[in-house]
Amino acid sequence: MSTRTLPRSRRDLGELLLERGSEALPIWFVAAKDDAQLKALTAVQRNWLEARGWSPKPGAVLLLPDESGGIAGALLGTDGEDWAEHSPLLPGALPGALPPGDYRFASKLPDPELATLAWLAGSYRFGRYKTENNGKPKRLALPDGVERAAVLALAEALYFGRDLINIPANDFGPAELEAAAREIGTEHGASIKVTEGSSLLSDNFPMIHAVGRASDRSPRLIDLRWGSERAPKVTIVGKGICFDTGGLDIKPGSAMALMKKDMGGAAASLTFAHLVMQSKLPLRLRVLIPAADNSIAGNAFRPGDVLRSRNGMTVEIGNTDAEGRLVLADALSLADEEAPDYLITIATLTGAARVALGPDLPPLYTNDEELAAGLLASGLSVGDPLWRMPLWAPYDKLIKSNIADVNHIAEGSHAGSVIAALFLKRFVTDAKRFAHLDIFGWVPREQPGRPQGGEPQGARALFAYFRKEFGP
């Protein structure tokens with residue numbers, strides 16, 4: 001099966017953009033404290049605003065009538081001239097609120113490329129299983145200063161990552177995740193090695209095998225490589241649990257309903273890879289994705305089991321619903337063997353991260369001050385925010401085991417996201433820089449530029465950081 005959904009290509013995405021200078025309706029950005037634009041409206045338009053009770057709250061959209069009863073343009077509410085610093089994807093509110101037609105930004109834009117990407121991001125809809133026609137598009141005239149190919153490449157990668165998360169698990173298992181990696185790998189000339197099924201045991205990935213062995217869909221480790229071996233080595237490890245029942249510690253139905261998104265870390269990793277490869281950043285990129293289902297069967301791994309990991313460390317299983325850190329540990333050990341310059345994990349790892357920071361703000365863990373500052377700044381600049389959390393060493397004692405080298409969870413519910421990050425860090429000894437992103441991978445309520453559904457969080461933040469560090 002094809003993993004792609006509409007729009008299938010950059011050409012299809014390009015249908016959402018008009019050439020510069022095209023006839024299009026203007027969109028003005030207005031703020032409550034700056035009413036110059038509102039005073040410039042006609043009497044008919046001011047009466048329309050009053051009748052509608054509209055105020056320029058951030059993200060609020062209003063169509064303006066002309067004297068003949070047609071459409072003269074539209075207003076987008078902002079929180080001031082510095083709106084892009086606080087809500088860089090705010091223009092993404094427009095496609096969902098405007099009728100089909102052609103539009104242009106009539107106000108000055110702090111970052112025209114990001115505003116255009118926001119429009120494209122807000123235009124995304126997951127239509128794979130819809131039978132009705134989506135109708136006429138809402139098109140934007142390309143703003144001055146924006147390179148068409150570059151912004152379409154950004155949007156294409158974002159759409160790709162969202163598609164992967166949104167496809168339900170019956171159509172997207174470990175084999176389809178492998179196919180997605182092969183798709184972008186082939187497109188950009190990357191090499192891919194896959195270790196599958198019982199080969200995971202013979203090739204020393206015992207914890208990936210243990211987590212995935214109860215499913216009738218074979219677990220595997222996907223290993224994508226691209227770029228010159230002489231370039232800085234950047235390795236991304238993305239959690240690829242295609243469906244998580246919780247295993248023998250089964251989840252309640254309410255918690256299982258969204259578990260198609262448990263491969264969101266893999267989707268974000270491939271989104272980042274897509275961005276790096278199509279931009280030809282001078283990096284030696286490696287993406288490792290341990291892909292599996294956490295299923296229930298007679299041969300499922302059990303609470304209380306002791307598993308041996310790739311690096312020889314023994315792990316006591318405290319709860320089978322904490323499977324993600326197990327598959328990541330084997331992949332991290334492999335990645336660490338070549339001592340990359342950057343080793344970064346992206347995973348939908350803990351509910352504790354959502355309790356602490358909510359769905360929109362993934363925790364970032366690293367002990368590298370420079371890397372932390374760079375990633376935080378990059379995430380804010382492109383509307384893909386992260387928030388630093390501590391790798392608090394004293395908590396490491398909470399995963400002590402009486403019968404193995406380590407337990408993979410702690411007793412009680414305190415500091416769950418920190419504990420998971422500390423567990424992963426145990427498998428990284430030689431990498432020069434290590435970071436971990438504990439993402440949600442999902443937008444529960446529509447926001448500007450973020451339709452409800454899958455979201456490859458962290459991918460654009462990472463790309464913005466590496467593009468700044470190593471780009472032209």
### Query
Looking at CG of Leu285 and NE2 of His188, how far apart are the two atoms once the value is rounded to the nearest 0.5 Å?
10.5 Å

### Message
Quick one: does any side-chain atom of Arg139 pair with a main-chain N or O of Lys136 as donor and acceptor, under 3.5 Å?
### Response
no

### Message
I'd like to check Thr348 versus Phe440 (side-chain heavy atoms, cut-off strictly below 4.5 Å). Are they in contact?
### Response
no

### Summary
Residue set satisfying side-chain contact (heavy atoms from CB on, under 4.5 Å) with Ala404, at least two apart, ordered chain then number -> Val306, Thr314, Glu316, Ser401

### Task
Measure the spacing between CG of Leu281 and CH2 of Trp226 and express it to the nearest 0.5 Å.
6.5 Å

### Task
Keeping the roles fixed (side chain from Arg325, backbone from Ala421), state whether a donor-acceptor pair exists under 3.5 Å.
no

### Message
According to salt bridge (charged side-chain N to carboxylate O under 4.0 Å, His left out), who are the partners of Asp330, at least two apart in sequence or on a separate chain?
### Response
none

### Message
Counting neighbours of NZ on Lys468 that are heavy atoms of other residues, nucleotides or ligands and sit closer than 6.0 Å, is the number greater than 12?
### Response
no

### Task
Test Lys239 against Glu323 for salt bridge (charged side-chain N to carboxylate O under 4.0 Å, His left out), laying out the working first.
CA-CA 10 Å; Lys239 175 185 171 186; Glu323 83 299 327; 3.6 Å; yes

### Message
Applying side chain to side chain donor-acceptor pair (under 3.5 Å), can you list everything that pairs with Gln457, at least two apart in sequence or on another chain?
### Response
none

#### Entry: Student check: side-chain heavy atoms of Arg286 and Leu334 closer than 4.5 Å
yes

### Arg467 (side chain) donor-acceptor with Gly471 (main chain) under 3.5 angstrom
no

### Task
Apply side-chain contact (heavy atoms from CB on, under 4.5 Å) to Ala214 and list each qualifying residue two or more places apart in sequence or on a separate chain.
Ser295, Ala297, Asn299, Ala300

#### Entry: Backbone of Leu375 reached by a side-chain donor or acceptor of Ser378 within 3.5 Å
no

### Task
Please answer whether the main-chain N or O of Arg230 pairs with a side-chain N or O of Ser228 as donor and acceptor at a distance below 3.5 Å.
yes

### Query
Can you check salt bridge (charged side-chain N to carboxylate O under 4.0 Å, His left out) on Glu338 and Arg284, steps first, answer last?
CA-CA 12 Å; Glu338 65 173 10; Arg284 200 305 303 269; 2.5 Å; yes

### Message
For a quick test of reading the model, state the closest non-hydrogen atom pair linking Leu16 to Ser123 and the distance between them.
### Response
CD1-CB, 3.9 Å

### Test item: Asp249 side-chain N/O and Asp321 main-chain N/O as donor-acceptor pair under 3.5 Å
no

### Query
Do Val194 and Arg182 come close enough that some side-chain heavy atom pair is under 4.5 Å?
yes

#### Entry: Step-by-step side chain to side chain contact (heavy atoms under 4.5 Å, CB included) determination, Leu364 to Leu376
CA-CA 8 Å; Leu364 161 68; Leu376 293 175; 4.0 Å; yes

### Query
What class does the angle between the rings of Phe470 and Phe466 fall in, given that below 30° is parallel, 30 to 60° is tilted and above 60° is perpendicular?
parallel

### Task
Please examine the side chains of Val418 and Tyr365, heavy atoms only from C-beta on, and report whether any two atoms are closer than 4.5 Å.
yes

### Query
Looking at side-chain heavy atoms only, is the closest gap between Cys242 and Asp262 below 4.5 Å?
no

### Flag side-chain contact, heavy atom, 4.5 Å: Leu17 against Arg148
yes

### Task
Mind running side chain to side chain contact (heavy atoms under 4.5 Å, CB included) on Leu288 and Thr235 for me, showing each step along the way?
CA-CA 8 Å; Leu288 291 167; Thr235 299; 4.2 Å; yes

#### Entry: Intermediate values then yes/no, salt bridge (charged side-chain N to carboxylate O under 4.0 Å, His left out), Arg445 and Asp360
CA-CA 10 Å; Arg445 290 173 299 278; Asp360 301 341; over 6 Å; no

### Query
Is Glu446 paired with Arg125 through a side-chain N to carboxylate O contact shorter than 4.0 Å?
yes

### Message
Once rounded to the nearest 0.5 Å, what's the spacing between atom CG of Leu371 and atom CG of Asp341?
### Response
11.5 Å

### Query
With Asp305, which residues qualify under salt bridge (charged side-chain N to carboxylate O under 4.0 Å, His left out), at least two apart?
Arg302

#### Entry: Residue pair Ile165 / Met263, side-chain heavy-atom distance below 4.5 Å
yes

### Query
Is Arg450 paired with Asp384 through a side-chain N to carboxylate O contact shorter than 4.0 Å?
no

### Query
Out of curiosity, Phe243 CZ to Asn294 CG, how far, rounded to the nearest 0.5 Å?
10.0 Å

### Query
Short question: side chain of Arg460, backbone of Phe272 - any donor-acceptor pair under 3.5 Å?
no

### Thr429 backbone acceptor or donor facing Asp336 side chain under 3.5 Å
yes

### Summary
Separation between CG (Leu154) and CG (Leu117), nearest 0.5 Å, reads 5.5 Å

### Task
Count the heavy atoms of every other residue, nucleotide or ligand shown that sit under 6.0 Å from NE2 of His414, and state whether that count exceeds 12.
no

### Message
Applying salt bridge (charged side-chain N to carboxylate O under 4.0 Å, His left out) to Arg426 and Asp396, what does each step give before you reach the verdict?
### Response
CA-CA 9 Å; Arg426 284 177 172 242; Asp396 197 58; 2.8 Å; yes

#### Entry: Worked check of side chain to side chain contact (heavy atoms under 4.5 Å, CB included) between Leu221 and Leu200
CA-CA 8 Å; Leu221 177 64; Leu200 290 166; 4.2 Å; yes

### Query
For Lys233, does the NZ atom sit with more than 12 other heavy atoms under 6.0 Å from it, leaving out its own atoms?
yes

### Summary
Correct closest heavy-atom pair for Gly122 and Pro451 would be O-CG, 4.4 Å

### Query
With distance as the sole criterion, is a donor-acceptor pair present between the side chains of Asp171 and Tyr129 under 3.5 Å?
yes

### Query
How many angstroms lie between OG1 in Thr245 and CE in Met259, if you round to the nearest 0.5 Å?
10.5 Å

#### Entry: Check: Leu90 main-chain N/O paired with Ser87 side-chain donor or acceptor under 3.5 Å
no

### Task
Using the ring of Tyr342 (Phe, Tyr or Trp, six-membered ring only), decide whether Arg433 places NZ or CZ under 6.0 Å from its centre and within 45 degrees of its axis.
yes

### Task
Give the C-alpha distance, both sets of side-chain angles, the deciding distance and a yes or no for side chain to side chain contact (heavy atoms under 4.5 Å, CB included) between Phe172 and Lys260.
CA-CA 8 Å; Phe172 201 79; Lys260 69 176 184 180; over 6 Å; no

### Task
Would you check if Phe126 and Arg162 make a side-chain contact, meaning some heavy-atom pair closer than 4.5 Å?
no

### Query
Do the ring planes of Phe423 and His408 sit parallel (below 30°), tilted (30 to 60°) or perpendicular (above 60°)?
perpendicular

#### Entry: Main-chain N/O of Leu248 paired to Thr320 side chain as donor or acceptor, under 3.5 Å
yes

## Note on the structure
Closest non-hydrogen atoms of Val287 and Ala273, given as atom of the first, atom of the second and distance, are CG2-CB, 3.9 Å

### Query
Tell me the side-chain hydrogen bond (donor to acceptor under 3.5 Å, both in side chains) pairs involving residues 189-214, sequence neighbours left out?
Glu196-Arg220

## Note on the structure
Heavy-atom nearest pair, Leu357 first then Pro363, reads CD1-CG, 3.7 Å

